[in-house]
Novice: 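Input: one structure, supplied below.
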There are 2 protein chains.
Amino acid sequence: MTIQPRTLKGQETQAKLLHTALDCFAAEGYKASSMRVIAARAGVSLSHAYYYFSSKEDIVARLLLNLRTEQFDQCHAALNEGNTLESNIRSVFTSGLHVMQPYHEFGPAFLKVLLSQDLMDNELSAVEFSLWEKAVSGARPLPPLGIRRDLPKFLWLLSRQLFSAWAYDQSANQRRSMLLMNNAAPVVAKFAVLCRLPVVRSLFEDVLSLMDSGNSIRDQEEGQASDPKVFKAS
Amino acid sequence: MTIQPRTLKGQETQAKLLHTALDCFAAEGYKASSMRVIAARAGVSLSHAYYYFSSKEDIVARLLLNLRTEQFDQCHAALNEGNTLESNIRSVFTSGLHVMQPYHEFGPAFLKVLLSQDLMDNELSAVEFSLWEKAVSGARPLPPLGIRRDLPKFLWLLSRQLFSAWAYDQSANQRRSMLLMNNAAPVVAKFAVLCRLPVVRSLFEDVLSLMDSGNSIRDQEEGQASDPKVFKAS
DNA sequence: CCGAGTTTTTGAACGCGTTCAAAAACATGT
DNA sequence: ACATGTTTTTGAACGCGTTCAAAAACTCGG
């Protein structure tokens with residue numbers, strides 16, 4: 001994104017550029033959709049594309065966001081019908097696969113976008129997270145109270161792991177990821193039920209705090225660290 | 001790699017090329033170590049480098065393998081001293097961090113190599129796996145018999161996840177990943193102990209079979225499977 | 001209508017990873 | 001010594017993502 005155009009024509013050009021890029025991605029695939037091709041198809045010069053989008057990755061990020069919101073629209077109705085937690089989890093997974101499948105070859109690029117931007121503070125994460133919140137709060141029976149609050153976050157982080165498996169899945173039609181997600185749903189549901197037992201519950205808390213310690217929301221608060229161990233390579 | 005030279009001089013040139021590349025990586029970093037620079041430093045033409053290494057990724061893979069074997073040499077002694085499982089897990093993690101730290105900026109490239117090659121069938125995975133086997137078999141007291149066989153694989157898969165967190169870790173000196181790994185060790189150890197309880201044990205088995213279903217050793221045998229639950233989209 | 005200041009648009013270039021046809025060096029049977 | 005076939009080495013090129021200085025188009029107060 002990088003720039004929001006001042007004039008109307010600017011906005012139109014930017015929109016057209018984005019639209020063309022998405023079409024091009026769908027029609028020609030990732031490698032074939034070079035910046036030159038996209039720009040040409042949109043009827044602008046190469047460097048002009050860079051006036052509106054700071055990088056190719058930028059456009060990919062946009063595509064990813066579009067797909068996720070599409071997934072959201074597609075399955076948020078099903079999540080409020082009072083189905084079981086397992087069924088809801090499966091709904092989110094399968095809608096995700098369905099929406100993403102045509103762009104599977106973008107997997108590595110998607111992953112790069114996901115991993116390089118801040119984990120919590122962006123629109124994409126918000127969309128994903130809200131999906132998992134609905135999946136939990138709309139489930140009947142509701143999961144145990146003790147974990148109800150943290151379950152969405154757990155599911156969200158889990159889904160990211162599964163997404164990264166999907167991204168590099170080489171099996172035909174991504175069958176492996178499909179299987180993986182379908183199997184994950186009942187296991188998580190079972191896990192949620194077992195969390196009524198204190199032993200299992202404490203394990204859940206361990207795992208969650210683990211996930212947190214690695215992906216903390218607050219990131220670069222090493223501020224003006226008093227004695228920073230800076231290793232400078234010669 | 002791609003080619004093994006027929007003549008002695010060829011092998012020497014290849015070795016020199018690899019050596020130069022690794023030096024260059026250490027000294028100049030990833031982006032600055034372009035193929036042109038490496039070739040020039042090694043005193044050969046650009047295209048000649050491609051005669052011996054089929055791609056830049058190829059060289060990166062080589063570096064990664066070197067680092068892993070270095071890690072192996074560094075900590076395999078400590079794994080036979082009869083320390084606790086937790087301590088052994090920590091040994092493997094910290095030696096890994098120690099060896100990898102200078103190349104942290106290679107993280108994304110490393111990850112790409114890891115993810116694009118076959119999960120089980122390669123030298124790198126073998127080295128990693130053997131480390132985790134030692135960590136389990138050398139632990140005192142030994143983990144519960146029921147999970148002793150599968151624990152190494154679990155740890156190995158876990159370590160891959162943590163590695164991918166490390167690869168994109170932007171915190172100073174990868175503090176977050178460090179914390180993450182240090183916290184993971186006791187949790188896993190606790191988990192191993194609790195696996196004596198049938199409830200927890202069955203969860204472990206679920207999780208493991210989950211990891212297997214996603215990353216099966218046998219890959220493209222979609223052949224005539226007896227009753228596979230195949231969900232075909234559309 | 002003019003000229004100053006912005007915003008939009010362009011062409012040319014850079015360095016990158018990678019490929020390829022062909023030259024050079026080398027080995028070997030006659 | 002020579003012709004033959006293989007292995008090693010090269011130079012030139014391609015398309016890619018990205019950058020930049022400068023042209024073109026637009027805006028708006030005088």
Side-chain angles (χ1 to χ4, degrees), chain A residues 1-22 24-25 28-64 105-106 108-113 116, chain B residues 1-22 24-25 28-64 105-106 108-113 116:
Chain A
M1 265 336 196
T2 296
I3 248 188
Q4 79 217 56
R6 262 65 150 166
T7 139
L8 179 70
K9 193 177 168 193
Q11 290 178 344
E12 275 170 7
T13 309
Q14 184 180 44
K16 173 167 189 175
L17 207 35
L18 182 60
H19 180 239
T20 310
L22 264 43
C24 209
F25 279 159
E28 317 283 350
Y30 187 51
K31 273 195 76 175
S33 304
S34 71
M35 283 299 208
R36 282 166 175 83
V37 167
I38 294 172
R41 272 261 234 283
V44 302
S45 78
L46 169 61
S47 43
H48 195 41
Y50 279 94
Y51 179 65
Y52 288 119
F53 298 94
S54 62
S55 66
K56 190 182 185 184
E57 214 180 274
D58 209 348
I59 303 185
V60 172
R62 212 31 208 253
L63 169 58
L64 187 52
E105 65 155 327
F106 288 64
F110 282 155
L111 213 54
K112 208 175 170 189
V113 168
S116 60
Chain B
M1 265 331 196
T2 297
I3 250 186
Q4 80 217 54
R6 261 66 149 167
T7 138
L8 179 71
K9 194 178 168 194
Q11 289 178 344
E12 276 170 6
T13 310
Q14 185 180 43
K16 173 166 189 176
L17 207 36
L18 182 60
H19 180 239
T20 310
L22 263 43
C24 209
F25 279 157
E28 315 283 350
Y30 187 51
K31 273 195 75 174
S33 303
S34 71
M35 283 296 193
R36 283 167 174 82
V37 167
I38 293 173
R41 273 261 234 283
V44 303
S45 78
L46 169 61
S47 42
H48 196 40
Y50 279 94
Y51 180 66
Y52 287 119
F53 299 94
S54 62
S55 66
K56 191 181 184 183
E57 216 180 272
D58 209 348
I59 304 185
V60 172
R62 211 35 208 254
L63 169 58
L64 186 53
E105 63 155 328
F106 288 64
F110 282 156
L111 214 54
K112 208 175 168 187
V113 168
S116 61

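Below, chain A is the first sequence line, B the second, and so on; all start at residue 1.
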Novice: Just report the end-to-end axis angle for the helix from C:dC1-D:dG30 to C:dT30-D:dA1, five pairs per end, to 10 degrees.
Specialist: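 The value is 30°.
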
Novice: Sequence neighbours excluded, which residues qualify as side-chain contact (heavy atoms from CB on, under 4.5 Å) partners of B:Phe106?
Specialist: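 side-chain contact (heavy atoms from CB on, under 4.5 Å) check on B:Phe106 returns B:Phe25, B:Tyr30, B:Leu63, B:Tyr103, B:Phe110.
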
Novice: Atom NZ in B:Lys56, atom CD1 in B:Ile59: separation rounded to 0.5 Å?
Specialist: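 CD1 of B:Ile59 is found 8.5 Å from NZ of B:Lys56.
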
Novice: CE of A:Met35 to CZ of A:Phe53: how many Å apart, nearest 0.5 Å?
Specialist: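 Here the interatomic distance stands at 8.5 Å.
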
Novice: State, to 0.1 Å, how close B:Cys24 and B:Ser33 come at their nearest heavy-atom pair, and which atoms those are.
Specialist: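 Between these two residues, the closest heavy atoms are O-OG, 3.1 Å.
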
Novice: Measuring from atom CZ of B:Arg36 to atom OG of B:Ser45, what distance do you get when rounded to the nearest 0.5 angstrom?
Specialist: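 Here the rounded value is 11.0 Å.
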
Novice: Can you sort out the partners of A:Glu28 under side-chain hydrogen bond (donor to acceptor under 3.5 Å, both in side chains), two or more places apart, ordered by chain and number?
Specialist: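 Listed in chain order: A:Arg41.
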
Novice: Give me the first and last nucleotide of DNA chain D, going 5' to 3', that has any atom under 4.0 Å from a heavy atom of chain A.
Specialist: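 Using the under 4.0 Å cut-off, the span is D:dC16 to D:dC20.
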
Novice: Measuring from A:Ile38:CD1 to A:Thr20:OG1, what's the distance to the nearest 0.5 Å?
Specialist: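 Going from the CD1 atom of A:Ile38 to the OG1 atom of A:Thr20 covers 8.5 Å.
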
Novice: Hey, are the side chains of B:His48 and B:Thr13 touching, using non-hydrogen atoms and a 4.5 Å cut-off?
Specialist: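 Of all side-chain heavy-atom pairs linking B:Thr13 with B:His48, at least one is under 4.5 Å.
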
Novice: Got a sec, which residues hit side-chain contact (heavy atoms from CB on, under 4.5 Å) with B:Ser54, two or more places apart in sequence or on another chain?
Specialist: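 B:Ser54 satisfies side-chain contact (heavy atoms from CB on, under 4.5 Å) with B:Thr2, B:Asp58 once adjacent residues are dropped.
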
Novice: For residues 39-53 of chain B, which residues have at least one heavy atom under 4.0 Å from DNA chain C?
Specialist: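 Contacting residues: B:Leu46, B:Ser47, B:Tyr50.
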
Novice: Starting from the 5' end of DNA chain D, give me the residue, A:Lys31 or B:Arg36, whose nearest nucleotide shows up first.
Specialist: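 Nearest nucleotide further toward 5': that of B:Arg36.
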
Novice: Please report the closest heavy-atom contact between A:Leu17 and A:Ala42, naming both atoms and the distance.
Specialist: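 Closest approach of A:Leu17 to A:Ala42, heavy atoms only: CD1-CB, 3.4 Å.
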
